[in-house]
Amino acid sequence: MTVPRHIIEVAIPLYLEKTFHYLVPERLQKDAITGRRALVPFGNRKLTGYILDAAADSAITNLKEILEILDSELLWTEVELEFFRWTASYYQHPLGEVIRTALPAGINIQTRKGTAGEQGALTGGKRTLREKFYHPGPVLDPTRQPSAKAVEILTVIREAGVISAGELRKRFGTCTPQLKRLVELGLSTAEEREVFRDPFKNSSVKRDEPRRLHTHQKSALDAITGGLDRQQFTPFLLYGVTGSGKTEVYLQAISHALELGKNALVLVPEIALTPQLTGRFQARFGGGIAILHSGLSDGERYDEWRRIRRGLARIVIGARSAIFAPLDKIGIIIVDEEHEASFKQSDGLRYNARDLALVRGRMEQAAVVLGSATPSVTTVHAAEQGRLTLLELPERVEGRPMPIVELVTMKGIKGTISPSLAHNLAETYEQGRQAIVFLNRRGFATFLVCAECAKPLTCPNCSVTLTYHRQRGQSLCHYCDYAVPAPGTCPSCGGTTLSELGAGTEKLEHDLKELLPSARIVRMDSDTTSGKGSHERLLSRMNDGSADILVGTQMIAKGHDFPEVTLVGVVNAEASLGMPDFRAAERTFQLLSQVIGRAGRGEIPGRVVVQAIDTEHYAISSAAEHDAARFYREELEFRREAGYPPFTFLAAFAISGLSEQAVSEQADSTARTLLHLKSELKVRVEILGPAPSPIYRLRNRFRRQILLKGADRKDLHRLLASWRQQATAVSTVRISVDIDPVDMM
Ligand code: ADP
Ligand code: ZN
């Protein structure tokens, strides 16, 4: 006799390649469907598993039974599962881990009320907020009169029709006794509802209307709406200088998508998720927007996630993880500042949200707009090849001119501030205008050097120099936070004369104070912005005119509009060129262009002074001359010759551990295995290394890397896939594989 067996395939959020099969007991059969989680026995543990499919009645015997279904709602759709599978395969990451990454963390802190198997309890979690709402009651003429305060409250309830207890408390203070009385008398009825925490609750927004588009904006918008109307995957690069009106194009394209009954996903770098940007979306669209930023608690994030899943939010704005937002009917995906490295996740599932936007957009038949003033070299190349449609906004709105840039060579000039920058700063200050001085390095001196043995002070855990912070009186490791009192003594020879080398933002601030003692100077870097809200406080001092000069790291390069800033100074423009990374020139060009774009955003034209030792370097000179075309031409030439992306595809193996020898042995054996597999599979992949990572020691761990380069993505993928199948874990050494690595340090 054959009894029909119900078998499901389940992914487990562990570093396991396989998925697993389970039996479904009779009582759970109608609920065991894909999109839900199940509690499953695993070894001697009980784990949460993700139900993928009903498996065909298989020959597998000895299957265990699932214990419980954990959700009543569906957590993902079929298309989303396809997207998760694609992501798992491309990034060589276990599917269970991909799904875990995609779901909000708050979902796991649900407390299950009731007993196992009790369905009704499954949707409620302790993170769900419930609030009382009051309506007018059936009784109009009560037998006994309520108090005067209760009557006042009743009037408000009757006017509102329905109003929350929280809202009433805001107006009347504590009013629980009065409300209780009103309900007893039948003058009001109360009901409990589930509410969502609202990240907007403290902001009030003025409504704004679409602008009339200028010619370039109009053709860009037409191209995008054309794609939307066809309901086909259409990818674009919206390449527009800062202030050229890209955001206005996004807003109107989204409007069009909404009219078609489609939804919109907007990805921005975390740092850009400011009230300024989100406010513009609210002002244009009102409600129905979900915002996912890192400041949300797990509970708030989970609330936003559910609002999206239930279709209560049609526009989702978020940092990289929002690419997994449970939004359906996606008509348009926008990736603003697409060149930003922060779209790449640096641990766990090392995905790039910019690249995944194109993948999800293809699956959803959506328009995908990658926007930037300084697009990544890879994106520019894709546009040149016709894989993306190029849309250009070459001019600033209202024809504001690009700032005048002066390049100052610092050969032979001592100190941080050149005579030209000093002169310009003094002039700007006397005219009562504002200036920004940019230096991509925090701290006072870059580091301390012993005058006796000439050795710099380095971190004992990481192979980097310690940065000297005068105010704190410490030398600090910017990687692991190791700190020693400074100046202190030389750990190598005990010498007591330590001299300062290089300059950081703290030193720059000090020098500026000496130059202009009465100027009000604000410094913004990760040392001054660690407190909650300190970022906004410092920025508001620039906005309300209570500061004259803003000094800062790359933190000040992005996103903020300071109309009164007429002068920008860049100190040590090549600071980022020295990085052992093939993208060093690209990063330098992007950063410089962004900083230069900070000048003259208002009525008065801007001036920029760029200081560098080597002003001839193409990354610096092309940024100063606003000649992006030249930069991309030269950079692509370099990439082609050196065999770097976009002409090759990369994967980086990082091998790290506490024992230097174990790491070294593991790195060697990994490389040997890769070489062996390469010849077996006959794939054209270059295997470079193992070599010590540029930061050889980090937080006490020794680090080596192997870089894989392939001219053909499929070859590279095949090699990685077969390596994964035979990889054996050595518990003391960690091996991680990064596909399309961004951070090469
Ligand atoms: P970007 O995103 O490229 O930096 P924005 O869209 O923020 O540019 O536009 C810069 C400024 O110009 C904003 O204040 C915006 O409101 C304004 N703006 C954009 N497009 C227009 C337009 N067509 N007419 C008038 N003002 C515009
Ligand atoms: Zn350190």
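Computed over heavy atoms, backbone and side chain alike; hydrogens, waters and symmetry mates excluded. In each ligand, atom 1 is the first atom listed, and ligand 1 is the first ligand listed.
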I need the atoms of ligand 1 closer than 4.0 Å to a non-hydrogen atom of Leu213, numbered in the order shown. 23 (N)

Using a strict 4.0 Å cut-off to heavy atoms of Arg212, name the atoms of ligand 1 that fall inside it. 22 (C), 23 (N), 24 (N)

Report the part of Arg211 (side chain from C-beta onward, or backbone N, CA, C, O) that has a heavy atom under 4.0 Å from ligand 1; answer both or neither where that applies. side chain

For ligand 1, is there an atom lying under 4.0 Å from some heavy atom of Ser244? yes

Which option, Gly245, Gly597, Ala373, owns the non-hydrogen atom nearest atom 8 (O) of ligand 1? Gly245

Without swapping roles, check the side chain of Glu304 against the backbone of Ala290 for a donor-acceptor pair under 3.5 Å. no

Between the side chains of Thr416 and Asp511, does any donor sit under 3.5 Å from an acceptor? yes

Residue Lys246 vicinity, atoms of ligand 1 by number, heavy atom under 4.0 Å: 1 (P), 2 (O), 3 (O), 6 (O), 8 (O)

Measuring only between side-chain heavy atoms, which start at C-beta, is Lys344 closer than 4.5 Å to Asp738? yes

So which bit of Gln217 gets within less than 4.0 Å of ligand 1, heavy atoms only: side chain, backbone, both or neither? side chain

Donor-acceptor check, side chain of Gln611 to backbone of Met410, threshold 3.5 angstrom: yes or no? no

Numbered in order shown, the ligand 1 atoms found under 4.0 Å of a heavy atom of Glu248 are 6 (O), 19 (C), 20 (N)

Side chains of Leu251 and Arg211, heavy atoms from C-beta outward: is any pair under 4.5 Å? no

Subset of ligand 1 atoms that lie under 4.0 Å from at least one heavy atom of His214: 23 (N)

Could you tell me if any non-hydrogen atom of Arg280 lies under 4.0 Å from any atom of ligand 1? yes

Pairs involving residues 376-395, ordered by first then second residue, that meet salt bridge (charged side-chain N to carboxylate O under 4.0 Å, His left out) (sequence neighbours left out): none

Here's one to test your reading of the geometry: is the NZ or CZ of Arg639 within 45 degrees of the ring axis of Phe647 and under 6.0 Å from its centre? no

